[in-house]
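A short worksheet on the structure shown next.
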Amino acid sequence: MTQDLARDIAAMIGSRICHDMISPVGAISNGVELLNMSGVSAGPELSLISESVENANARVKFFRVAFGVASAGQMSSRAEMVAILKGISTARLTYHWDATEDMPREEVKLACLMMMCLETALPRGGEIRLSCSGGQWSVRARADRLEPAPDLWARLGALSKAEGLKPSDVQFLLAPMQAAALGRRITHSSGDGVITLNA
């Protein structure tokens, strides 16, 4: 199986799962809204459910971009990505989309996969900030404690096989594949509580 075919199959599986998940998550969100409208007292339980549903909804949308099919010519708006990252941000880990323009979906897919790689280095949370200048992505993680795994980081610079990779780290396989599809390569640097990925 070629790398391109493997990437396309993974993207189709990702799109299918996200497509099937977005409806039930949306239904739960609508149910919570109906409960609020019906006069049910808005206690801490309902607030917790509402916040969890909003986060799940945003996370499914994020996964749809990161793992789904990115058709040529398809665009992702800046407003959409800002809203998604706001939805997945928590008190522990916050995300910032500093790219100023709408971007091709294929490019945004790469940026999201790079963000997921950086998440693994933030065991106690922190901040992930993304920008794009001159056609190059820069995704920066800042935290008091950073723990990048050398074996995973080594995978970012070139295409690799899946052997020895946990399902939770699949982004380290897919990010270099997406970068290669765009004619790019991911590099990384670190120092003073900051890790930066560029592509």
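Any value given below was found using the heavy atoms of this structure, including those in side chains, with hydrogens, waters and symmetry copies removed. The residues of the chain are indexed from 1 along the displayed sequence.
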*Under 4.5 Å between any side-chain heavy atoms of His96 and Glu127, yes or no?*
yes
*Between Glu119 and Arg59, is the closest basic N to carboxylate O distance under 4.0 Å?*
yes
_Quick check: do Glu80 and Arg78 have side-chain heavy atoms less than 4.5 Å from each other?_
no
_Within-4.5 Å side-chain heavy-atom neighbours: Thr187 and Leu197_ = no
*Taking only Lys NZ, Arg NE, NH1 and NH2, and the carboxylate oxygens of Asp or Glu, determine whether Arg129 and Asp98 approach each other closer than 4.0 Å.*
yes
*asked:* Check whether Lys109 reaches the backbone of Gly68 with its side chain - one donor and one acceptor, N or O, closer than 3.5 Å.
replied: yes
*Passes side-chain contact (heavy atoms from CB on, under 4.5 Å), Arg105 versus Ser76? Steps please.*
CA-CA 5 Å; Arg105 189 67 166 255; Ser76 288; 2.8 Å; yes
*When hydrophobic residues are tied together by side-chain contacts of less than 4.5 Å, even through go-betweens, does Trp153 share a cluster with Met114?*
yes
*Just how far is it from atom CG of Leu182 to atom CD of Glu106, taken to the nearest 0.5 Å?*
6.0 Å
*Rounded to the nearest 0.5 Å, how far does CE of Met115 lie from CH2 of Trp137?*
8.0 Å
*Would you check if the side chain of Thr196 reaches a backbone N or O of Ser189 as a donor-acceptor pair within less than 3.5 Å?*
no
*Can you measure from OH (Tyr95) to CG (Leu130) and round to the nearest 0.5 angstrom?*
12.0 Å
_Using a 3.5 Å distance criterion without hydrogens, assess whether the side chain of Lys61 forms a donor-acceptor pair with backbone atoms of Ile84._
no
*Within one Ile-Leu-Val-Met-Phe-Trp-Tyr cluster: Met75 and Leu110, side-chain cutoff 4.5 Å*: no
*asked:* Would you compute the distance between atom CZ of Phe67 and atom CE of Met116 and round it to the nearest 0.5 angstrom?
replied: 3.5 Å
*Measure the CD-CZ distance between Gln171 and Arg155 for me, rounded to the nearest 0.5 Å.*
11.0 Å
*Which distance, rounded to the nearest 0.5 Å, do you find between the CG of Leu122 and the CD1 of Ile128?*
5.0 Å
*Is there a side-chain contact between Asp151 and Phe172 (heavy atoms, below 4.5 Å)?*
no
*Decide yes or no on side-chain hydrogen bond (donor to acceptor under 3.5 Å, both in side chains) for Ser138 and Asn198, but give the supporting numbers first.*
CA-CA 5 Å; Ser138 179; Asn198 295 303; 3.2 Å; yes
